[in-house]
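All heavy atoms count here, side chains included; hydrogens, waters and symmetry mates do not. Letters A, B, ... mirror the listed sequences (proteins, then strands); counts begin at 1.
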Amino acid sequence: MTTGAESLPTHFARILALVNRMGAVWIAVIALYVVSGLVSPGMFHVDQVLNILQVSAFLGVVATGQTLALLVGGIDVSVAGVVTMSNIVSTSVMVGHSETMLSGIAICLLIAAVVGLINGWMITILRVTPLVATLAMNSILFGAALVYTGGAPHGTVSPGFLVFGQGHLIGLPVSTLCWLAIALAMVWLTQKTVFGRRLYAVGANPVAARLVGIAVRRTVTAAYILSSIMAALGGLLLTSYIGSPSLGIGDQFLLTSIAAVVVGGTALNGGVGSIFATIGGTLFITELNSFTNIVSVSTGTQFVLQGAIIALSVLLYRLIGAKRAVS
Amino acid sequence: MASDKDRFVYTRRQALRLGAAALGITAAARIFPAFAADAISSATISTAGETVSGGKYKKKGPYRIGFSNGFSGNTWRTECLASIKKEAGQQKDLADLIIVDGQGDITKQVNDIESLISQNVDAILCIANSGSAVAPVLRDATKQGIVTVPFNLPVDGEAWTAYIGTDPEKKGFALGKWLREAVGESAKIVALGGLPGNSYTASAWAGAKKALDGSNIQVLAFKDASWEEDKAKVVMADLIAAYPDIDGVWCDGSQDGAGAMKALLAAKKPLVPVTGDDYNGLLKLYMEQAANYPKFKIGLLSEPTWESVVALRTALKFLHGEDAPKKQIIEPKLITAENYKSYVRPDLPDGVFVDSDLSDDELKQLFKA
């Protein structure tokens, strides 16, 4: 039995603790959704919820991989190039035939793994700063896509492949289900496995991690390989959503993938964060885009709104986090 | 079906042949009345501004000409480059066409043009990344007696020799006028533009608004969709949620139009009248879906990829000492349900811009189709 005077702060602390465990970003996701729904009732429609979930999946899968790169204290801006690569390669291999679907997917994933391996190698062996190494890789991938296509991309996806980006299963978009499956697998990998603990340890303090016997180079390289593979998977989902190749398709992920992860609460300097929070971060960024698309504002105002809301939300739940630390 | 397809190809080839011949005529002409003749395909070229005398540029060949391309990496630029390279190969007194790529960087393009000047080229062609940034360096080049021909996107002032391009405001107006007729006087429409902040969309939309003035047409939203199908589809999906009844879509590029129509299809909504350009993806979509959606109509004005050919020919004219107009404004023919079959290319990828001087085989080779 607690007295009434004690119960309120206790409950409040419990709620805060719960929020903090889930990732404070979820408050922002819910608050933004309610506010945008009040401004534009269309946001409350089931169809629009499903639409946001469908569109979130592309960014969500890419950001899941980005989270791993950030967790080990790195950053992966080559995800933009990997998305473009997977779009160009998959459509040019599939060329609208069913029998080429699996080879199209496999080749993209294989290239992505090699890209991740080279990123990891540049960062751990050659000691190139992650930002510079992956920026260089991004440029190489875009250039390679230009050379490969001659600036004139051709091909289209296999008919059966469209289901991943456009289909629905048990009332939910297939792309969303793919995203959740990938994200939950990564939640398990980061939270329940030795490899996951190593990711956090390496990101928090690579020297200490090495001293306790963790293979730091191998762990970091594995994080970049996974990041690249997930960027390719995100690219494949987006390709399935639209069906055709486009050389500029990946550019949008260069910064939004990092924004989604950081808004989720993952630290830019490594060792802190979670995939679960990135799901929230992704939903937040997609909701925000959707909201600013719907409200009648100019593109300029749209950018200002997006920037201000991201900054405000990060500030707000940092305050919530600080409050909990004090209590 | 096969015979139908063959017929369309033949019709288009015929149009191109006629157009190419007509361009030959215009190229040979010394006096430039309003170009009544077709240029390439079915567009016409009108002139504006004074006639520029070629006397002071006259030189003996063979010539070296530079082309500063603001960036490459979309299919329009790819076809534009293929066209100019093909044309360069056919000009006997052209020794060298030096193509430099600004990679989307305003400063790099200025440096590129400076390096062309230092290489003593006889003429500089240019698609500007920024119409204000390249103006001073083109002025310097012109002062040094180099023929300067910006094309496709305008350059500030008039300190260049001649300009070739469409008039985005006029195009936007014509597309707006077509849409107004297609959707009726009290419809609800949305508008999708290109890259945020680009001047082409701003002018085109300004033209469209003039065309819509005086009607009860309600513009529910104007959004930038970057001329990318995927972005347009995402934006349109949001707009459909906010505004369940959309009677028409104004776009200045058909990638936006195709993305918007695909969003309507995904939302199981009927397709509606849409505007755009000569992007094959929307033409193919129209061919596939027109029968299913009676209200689905297209009103399209191309942005011809052969502008580069006209620019190169114009530069050579000045070097030959011939006169040419200060501005050549390309006026494409409206593509609608009635004539789209002459333009659509079912056998080529969505990314192809069909108003091209390249032959079917050349396009197939370029797109590895």
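- In this structure, the portion of A:T149 lying under 4.5 Å from any heavy atom of chain B is its backbone and not its side chain.
- Between A:P153 and B:F367, the shortest heavy-atom contact is O-CD2, 3.7 Å.
- Counting heavy atoms from C-beta outward, B:K223 and A:N293 have side chains that approach closer than 4.5 Å.
- Heavy-atom distances place the side chain of A:F303, and not its backbone, under 4.5 Å from chain B.
- Looking only at side-chain heavy atoms (C-beta outward), A:S246 and B:E229 stay at 4.5 Å or farther from each other.
- In this structure, the portion of B:E228 lying under 4.5 Å from any heavy atom of chain A is its side chain and not its backbone.
- With a threshold of 4.5 angstrom between heavy atoms, B:D350 approaches chain A through side-chain atoms but not through N, CA, C or O.
- In this structure a side-chain-to-backbone donor-acceptor pair under 3.5 Å is missing from B:K233 to A:I242.
- B:D238 and A:Q48 share a side-chain donor-acceptor pair at under 3.5 Å.
- Counting heavy-atom pairs under 4.5 Å between each of A:L247, A:I294, A:L238 and chain B puts A:I294 at the top.
- With a threshold of 4.5 angstrom between heavy atoms, A:Q54 does not approach chain B through any atom at all.
- With a 4.5 angstrom heavy-atom cutoff, A:T292 touches chain B only via backbone atoms.
- The choice from A:D47, A:N51, A:I52 that makes the most heavy-atom pairs within less than 4.5 Å of chain B is A:N51.
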*After noting the C-alpha distance and the side-chain angles of B:V234 and A:Y241, does the key distance pass the side chain to side chain contact (heavy atoms under 4.5 Å, CB included) rule?*
CA-CA 10 Å; B:V234 170; A:Y241 178 69; 3.9 Å; yes
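- For B:A237, the parts sitting under 4.5 Å from any heavy atom of chain A are the backbone and the side chain alike.
- At most 12 non-hydrogen atoms from other residues, nucleotides or ligands lie less than 6.0 angstrom from NZ of B:K188.
- The shortest side-chain heavy-atom distance between B:P349 and A:T156 does not fall under the 4.5 Å cut-off.
- At a 4.5 Å heavy-atom cutoff, the contact between A:V295 and chain B is made by backbone atoms alone.
- With respect to chain B, the highest number of heavy-atom pairs below 4.5 Å among A:A152, A:G151, A:P41, A:G42 belongs to A:A152.
- Only the backbone of B:L220 has a heavy atom closer than 4.5 Å to any heavy atom of chain A.
- Neither the backbone nor the side chain of A:L50 comes within contact range of chain B, judged by heavy atoms closer than 4.5 Å.
- Looking at B:K368, the atoms closer than 4.5 Å to chain A (heavy atoms on both sides) sit in the backbone and in the side chain alike.
- Interface remark: A:L146 contributes side-chain atoms only to the contact with chain B (heavy atom separation under 4.5 Å).
- The side-chain contact (heavy atoms from CB on, under 4.5 Å) with B:D230 is formed by just one residue from the set A:T239, A:I249, A:N87, A:V55; it is A:I249.
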